[in-house]
Amino acid sequence: MIVRILGEGQFQVDDSAAAELNVLDSALEKAVNAGDERALRPALAALLDRVRTLGTPLAEDAIEPSDLILPYADAGLADVREMLHGEGLIPG
Amino acid sequence: MSVMKRVSMIFKAKANKALDKMEDPRETLDYSYQRQLEMLTQVRRGVADVATSRKRVELQMNKLQQDQTRLEGQAKQALGAGREDLAREALSRRAALQTQYGDLETQYHSLQADEEKLTAASQRLQAKVEAFRTQKETIKATYTAAEAQSRIGEAVSGISEEMGDVGMAVQRAQDKTAQMQARAGAIDELMASGALDDVTGTQRDDIQAELDQMRGGHDVELELERLKGEIGGGPKREIESGPVDGQAQATQASGAEQPQAGESS
């Protein structure tokens with residue numbers, strides 16, 4: 001599967017990593033739902049780190065939609081919430 | 001629902017909206033390509049803006065560094081003249097500048113990181129735009145409108161996601177740059193208006209003025225001694241050689257510099 005980290009690019013990640021990533025994603029989701037900024041940052045960092053470690057960057061000239069998209073590394077609670085609602089988020 | 005799935009759905013919805021707008025899918029290719037070129041220009045401008053902002057912070061850092069060096073020199077000079085109070089003042093001002101310098105340094109590194117990220121994003125987009133152009137021409141030349149549909153869908157949603165990502169990055173960088181420009185502008189203005197003088201400009205000159213005055217004051221003392229000597233009738237050497245009178249006068253003319261005065265006359 002292809003995973004994009006916003007602001008960093010796309011990674012090809014083996015499907016077998018999905019379970020592990022889902023666990024980390026759940027922790028992130030919990031932090032977002034609880035409005036817990038302090039828990040959010042390490043949860044996001046852990047998830048992104050795992051994607052970077054497990055994945056290999058996609059070729060620069062590859063044009064493929066991602067299966068999963070992750071917030072950029074320094075996103076805060078407000079940023080992630082905005083991303084989830086999508087209002088005026090993506091320019092153009 | 002999972003965060004990563006929700007974010008990707010929002011991006012997909014955006015891409016689909018763009019695809020649905022076009023009646024002839026091949027038109028979508030040209031339209032998308034135009035948007036890509038615009039985005040490339042935008043991201044390059046973003047890189048330039050961040051670079052300008054970083055350079056401005058760098059100039060301010062250099063200025064503060066110079067001020068710190070000057071204050072340290074003044075502290076040494078004051079200490080050499082036995083004015084520990086002045087030296088302390090100079091050093092405490094230097095410490096205030098150091099704090100400000102630290103803030104600027106943090107900003108500088110943050111801008112530098114943004115610049116690198118945006119430059120990389122610009123390169124990725126450039127590579128994709130070139131690949132897209134080739135694909136676009138192939139699809140237009142080889143397929144009928146109906147056949148082209150699915151290939152176009154894939155290429156357009158792939159590139160649209162990239163553009164959404166880059167667009168967000170540029171937006172973030174611009175917001176941050178605007179904030180930093182405002183802060184940098186405020187510091188520049190304060191420096192120019194003299195309101196920051198308690199940590200930079202004028203007070204630093206106050207220290208210098210006092211150091212200069214000490215030297216001047218020293219000369220005045222010497223003149224005073226000379227005049228007193230003349231009015232007293234005898235040459236001034238008598239003041240020093242006269243055991244009782246000389247001692248009394250030396251005490252009046254506040255001590256530490258008196259031996260020097262004696263030596264130089």
Side-chain angles (χ1 to χ4, degrees), chain A residues 1-11 13 17-19 21-33 40 43-44 47-48 50-51 57-77 79-92, chain B residues 1-18 32 35-36 38-39 42 110 113-114 117-118 120-136 151 153-174 176:
Chain A
M1 60 184 166
I2 295 173
V3 182
R4 174 184 292 275
I5 298 178
L6 291 174
E8 282 179 46
Q10 291 169 294
F11 296 83
V13 181
L21 295 183
N22 276 331
V23 173
L24 294 168
D25 188 27
S26 299
L28 175 62
E29 191 190 1
K30 218 171 121 185
V32 173
N33 291 341
L40 178 133
L44 178 59
L47 179 54
L48 298 189
R50 214 57 202 132
V51 171
L58 220 60
E60 288 209 333
D61 61 353
I63 304 176
E64 289 185 60
S66 308
D67 299 293
L68 299 168
I69 299 182
L70 290 170
Y72 45 87
D74 55 354
L77 185 62
D79 302 316
V80 176
R81 284 192 162 154
E82 201 185 338
M83 266 176 238
L84 295 178
H85 293 105
E87 289 302 317
L89 163 74
I90 312 163
Chain B
M1 201 199 300
S2 130
V3 172
M4 43 191 191
K5 277 183 194 137
R6 277 165 72 183
V7 176
S8 61
M9 274 173 59
I10 281 161
F11 272 78
K12 282 198 178 78
K14 186 88 185 176
N16 286 337
K17 227 167 150 186
S32 175
R35 294 277 303 115
Q36 290 162 37
E38 284 163 23
M39 184 61 85
Q42 223 175 310
S110 162
D114 285 349
K117 270 189 216 158
L118 266 193
S122 154
Q123 280 164 2
R124 276 199 303 273
L125 184 61
Q126 164 98 48
K128 283 180 173 39
V129 169
E130 275 162 24
F132 187 91
R133 190 176 56 86
T134 312
Q135 277 188 32
K136 172 173 87 89
R151 291 172 184 275
E154 207 163 296
V156 169
S157 39
I159 200 90
S160 141
E161 182 187 307
E162 186 71 31
M163 290 207 290
D165 186 354
V166 171
M168 281 171 71
V170 171
Q171 188 64 54
R172 281 205 306 281
Q174 275 169 349
K176 205 158 129 190

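In terms of heavy-atom pairs under 4.5 Å with chain B, the best-connected choice from Val80(A), Val32(A), Leu47(A), Asp67(A) is Asp67(A). Contacts with chain A were tallied for Arg172(B), Gln123(B), Glu130(B), Gln126(B); Arg172(B) has the most, counting heavy-atom pairs under 4.5 Å. The choice from Ala62(A), Ser66(A), Ala59(A) that makes the most heavy-atom pairs within less than 4.5 Å of chain B is Ser66(A).
Here the straight-line distance linking atom CD1 of Ile69(A) with atom CD1 of Ile10(B) works out to 9.5 Å at 0.5 Å rounding. From Ser2(B), atom OG reaches atom CG of Leu24(A) across 11.5 Å, with rounding to the nearest 0.5 Å. Leu125(B) contributes atom CG, which lies 10.5 Å from atom CD of Glu60(A) (distance to the nearest 0.5 angstrom). For the atom pair OH (Tyr72(A)) and CE (Met168(B)), the distance works out to 5.5 Å, reported to the nearest 0.5 Å.
Within the 4.5 Å cutoff, side-chain heavy atoms of Ile63(A) are placed close to those of Gln135(B). Counting heavy atoms from C-beta outward, Leu84(A) and Val3(B) have side chains that approach closer than 4.5 Å. Between Met4(B) and Leu21(A) there is a side-chain heavy-atom pair separated by less than 4.5 Å.
Looking only at distances, no side-chain donor or acceptor of Asp61(A) sits under 3.5 Å from a matching main-chain atom of Lys128(B). Arg124(B) places a side-chain N or O within 3.5 Å of a backbone atom of Glu8(A) that can act as its donor or acceptor partner.
The contact between Gln10(A) and chain B is made entirely by side chain atoms (from C-beta outward), counting heavy-atom distances below 4.5 Å. Within the 4.5 angstrom heavy-atom criterion, only backbone atoms of Ile5(A) (N, CA, C, O) approach chain B. If you measure heavy-atom distances from Ser26(A) to chain B, you find no contacts under 4.5 Å at all. With a threshold of 4.5 angstrom between heavy atoms, Glu162(B) approaches chain A through its backbone and through its side chain.
For Glu154(B) against Pro65(A), the heavy-atom pair with the smallest separation is O-CD, 3.9 Å.
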